[in-house]
Engineer: 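I have a structure I would like to understand better, so I am pasting it below and will then ask my questions one at a time.
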Protein chains: 2
Amino acid sequence: MTDHERESGFTRGDLARATGCNIETIRYYEKTGVLPDPPRTDAGYRIYSAAHATRLRFILRARELGFSMEDIRGLMGLEDGAAPTCAEVKERTERHLAEVRAKIADLRRIEAVLAATALRCSGAEVPDCPVLDAISGS
Amino acid sequence: MTDHERESGFTRGDLARATGCNIETIRYYEKTGVLPDPPRTDAGYRIYSAAHATRLRFILRARELGFSMEDIRGLMGLEDGAAPTCAEVKERTERHLAEVRAKIADLRRIEAVLAATALRCSGAEVPDCPVLDAISGS
DNA sequence: CTTGAGCCTGTAGTTACTACAGACCTTACA
DNA sequence: TGTAAGGTCTGTAGTAACTACAGGCTCAAG
């Protein structure tokens, strides 16, 4: 990579370090279309700009919030080409929020059962276990 | 399947219906070793017994509680061949419980962020959205 | 000029299933 | 006895969202 080429951007490794994203994941995002194909050097090296970094940080943050890649495509307006309206974003967010709440409710039920059964467990070095009985008989 | 063969057990479809398990999943569990290979009719049809049903219900219930297949193998004593002691089960249960609680904490953080950003959203038919800004800038 | 690091590609592995295709078997009914 | 519908058999491929290689270039530093 020449100085001229490098001037205007960073490499994939640079982008990975700058965002905390796994270097292979960047390529994966490119392949699946959520990150645009960057220009290349003569040798074929990707050249990323600040805009790519911004986009990648958006994706990573949305993933942290549990949005699916499909959701993220929608949030970025990659499904119909146009930027989504505030209403569309809100709808998607609320749908996702409902899923998150449902998941929390599931996990709380699980937590209650696990905590209760673990309490019943003696922790002795014996093969007979009330936890296994609880799993079997419910 | 002759009357004699059928007498002693049920088919894969019967087992699926009796347990609520997907019929293909039964074969998958057999392939991965958590469900023992059942005897077969002369034509190669699987013949399941009540013991298989009990085992399958245990697996399904443990899955409902969020245990991984590896955990389940451990709970059933398929890792070292011997039935696990109560202490081993307790340890596995508490490790899993800790993961469940960590996941709940994650999801609650996510829930808080989503709920807060969704509130800020006007829901108007405009392309400018505070939710997207929130994802971008945090 | 060499050495080591970084980048390139394509592909395979992960978890826990789920869904076929194409062949075979069984059952019910005429 | 014939046949049509439905069940079962096998192997394989697909799912989400990555992650990790192998084998080959390229680049930067000494």
Side-chain angles (χ1 to χ4, degrees), chain A residues 1-7 9-35 37-48 52 56 59-75 78 96 99 103, chain B residues 1-7 9-35 37-48 52 56 58-76 78 96 99 103:
Chain A
M1 196 181 296
T2 68
D3 283 353
H4 172 69
E5 284 170 338
R6 192 174 40 196
E7 237 173 84
F10 16 63
T11 65
R12 186 153 59 104
D14 291 339
L15 184 60
R17 272 183 298 277
T19 57
C21 183
N22 182 295
I23 191 166
E24 295 294 314
T25 303
I26 294 172
R27 198 157 61 97
Y28 168 71
Y29 285 160
E30 179 183 320
K31 194 175 67 185
T32 59
V34 290
L35 208 53
D37 288 16
R40 304 281 188 129
T41 67
D42 291 346
Y45 280 33
R46 292 168 177 81
I47 310 169
Y48 292 102
H52 287 99
L56 179 53
I59 297 165
L60 293 173
R61 177 65 180 155
R63 288 292 299 136
E64 278 176 22
L65 291 176
F67 284 105
S68 68
M69 294 309 296
E70 195 191 330
D71 280 331
I72 292 172
R73 258 185 279 273
L75 290 175
L78 297 177
H96 178 47
E99 285 166 12
K103 189 76 194 161
Chain B
M1 195 182 295
T2 67
D3 282 352
H4 172 71
E5 286 169 338
R6 193 175 39 195
E7 237 174 85
F10 16 61
T11 66
R12 187 151 60 104
D14 292 339
L15 184 61
R17 271 183 299 278
T19 58
C21 183
N22 183 296
I23 191 166
E24 295 295 313
T25 303
I26 294 172
R27 199 157 60 97
Y28 168 72
Y29 285 161
E30 178 182 321
K31 195 175 67 184
T32 59
V34 291
L35 209 52
D37 288 16
R40 305 281 188 128
T41 66
D42 291 346
Y45 281 32
R46 293 169 178 81
I47 311 168
Y48 293 102
H52 286 100
L56 179 54
F58 179 92
I59 296 165
L60 294 173
R61 177 65 180 154
R63 288 293 299 135
E64 278 176 23
L65 291 174
F67 283 104
S68 67
M69 294 310 294
E70 195 192 329
D71 280 332
I72 292 172
R73 258 185 279 275
L75 290 176
M76 296 192 307
L78 296 176
H96 178 47
E99 285 165 11
K103 189 77 194 159

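Note on naming: letters A, B, ... go to the chains in the order of the sequence lines (proteins, then strands), and numbering restarts at 1 for each one.
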Engineer: Detail all sub-3.5 Å separations between protein N/O atoms and N/O atoms belonging to nucleotides 8-12 of chain C.
Structural biologist:
residue: dC8(C); atom: OP1; partner: R46(A); partner atom: N; Å: 2.6
residue: dC8(C); atom: OP1; partner: R46(A); partner atom: NH1; Å: 3.1
residue: dC8(C); atom: OP2; partner: R12(A); partner atom: NE; Å: 2.5
residue: dC8(C); atom: OP2; partner: R12(A); partner atom: NH2; Å: 3.0
residue: dC8(C); atom: OP2; partner: R46(A); partner atom: NH1; Å: 3.1
residue: dC8(C); atom: O5'; partner: R46(A); partner atom: NH1; Å: 3.4
residue: dC8(C); atom: O3'; partner: R40(A); partner atom: NH1; Å: 3.4
residue: dT9(C); atom: OP1; partner: R40(A); partner atom: NH1; Å: 3.1
residue: dT9(C); atom: OP1; partner: R40(A); partner atom: NH2; Å: 3.1
residue: dT9(C); atom: OP2; partner: R46(A); partner atom: NH1; Å: 2.9
residue: dT9(C); atom: OP2; partner: R46(A); partner atom: NH2; Å: 2.7
residue: dG10(C); atom: N7; partner: R27(A); partner atom: NH1; Å: 3.1
residue: dG10(C); atom: O6; partner: R27(A); partner atom: NH2; Å: 2.4

Engineer: Could you tell me how far apart L35(A) (CG) and dC18(D) (P) are, to the nearest whole angstrom?
Structural biologist: 12 Å
Engineer: Backbone N or O of T32(A) within a donor-acceptor pair of the R73(A) side chain at under 3.5 Å?
Structural biologist: yes
Engineer: Calculate, to the nearest 0.5 Å, the distance between atoms CG and CG belonging to D71(A) and L75(A) respectively.
Structural biologist: 6.0 Å
Engineer: Please determine if E24(B) and R27(B) form a salt bridge, counting it only when a charged side-chain N lies under 4.0 Å from a carboxylate O.
Structural biologist: yes
Engineer: Specify the closest pair of heavy atoms between I59(A) and I72(A), including all atoms of both residues, with the distance to one decimal.
Structural biologist: O-CD1, 3.8 Å
Engineer: Starting at atom CZ of R63(B), determine the distance to atom C1' of dC17(C), rounded to an integer number of angstrom.
Structural biologist: 9 Å
Engineer: Could you tell me the separation between the CZ atom of F67(B) and the C1' atom of dA16(C), rounded to a whole number of Å?
Structural biologist: 16 Å
Engineer: Could you work out, with salt bridge (charged side-chain N to carboxylate O under 4.0 Å, His left out) as the rule, every residue matching E30(A), not counting sequence neighbours?
Structural biologist: R40(A), R46(A)
Engineer: When the distance from CG of D71(A) to C1' of dA16(D) is rounded to whole Å, what number comes out?
Structural biologist: 13 Å
Engineer: For the pair M69(B) and Y29(B), evaluate side chain to side chain contact (heavy atoms under 4.5 Å, CB included) and give the outcome as yes or no after the intermediate values.
Structural biologist: CA-CA 9 Å; M69(B) 294 310 294; Y29(B) 285 161; 3.5 Å; yes
Engineer: Please report the closest heavy-atom contact between G66(A) and H96(A), naming both atoms and the distance.
Structural biologist: O-CE1, 3.0 Å
Engineer: Write down the distance between OH (Y28(B)) and C1' (dT8(D)), rounded to a whole number of angstrom.
Structural biologist: 21 Å
Engineer: Describe the nucleic acid contact of S68(B) in one word from base, sugar-phosphate, nothing, applying a heavy-atom distance below 4.0 Å.
Structural biologist: sugar-phosphate
Engineer: What integer distance in Å separates R73(B):CZ from dT15(C):C1'?
Structural biologist: 11 Å
Engineer: Between T25(A) and Y28(A), is there a donor-acceptor pair closer than 3.5 Å when you use the side chain of the first and the backbone of the second?
Structural biologist: no
Engineer: Quickly work out the L56(A) CG to dA17(D) C1' distance and round it to whole Å.
Structural biologist: 14 Å
Engineer: Return no unless some side-chain N or O of T25(A) is found under 4.0 Å from OP1 or OP2 of dT19(D).
Structural biologist: yes
Engineer: Show each protein N/O and nucleotides 2-4 of chain C N/O combination with a separation under 3.5 Å, one pair to a line.
Structural biologist:
none

Engineer: Is it true that, when you exclude E70(B) itself, more than 12 heavy atoms of the residues, nucleotides or ligands shown sit nearer than 6.0 Å to its CD?
Structural biologist: no
Engineer: On DNA chain D, does the nearest nucleotide to Y29(A) precede the nearest nucleotide to G13(B) from the 5' side, or the other way round? Give the residue.
Structural biologist: G13(B)
Engineer: Rounded to the nearest angstrom, tell me the gap between atom CG in N22(B) and atom C1' in dA19(C).
Structural biologist: 9 Å
Engineer: Pick the nucleotide of DNA chain C nearest each of R17(A) and M69(B); which residue has the one closer to the 5' end?
Structural biologist: R17(A)
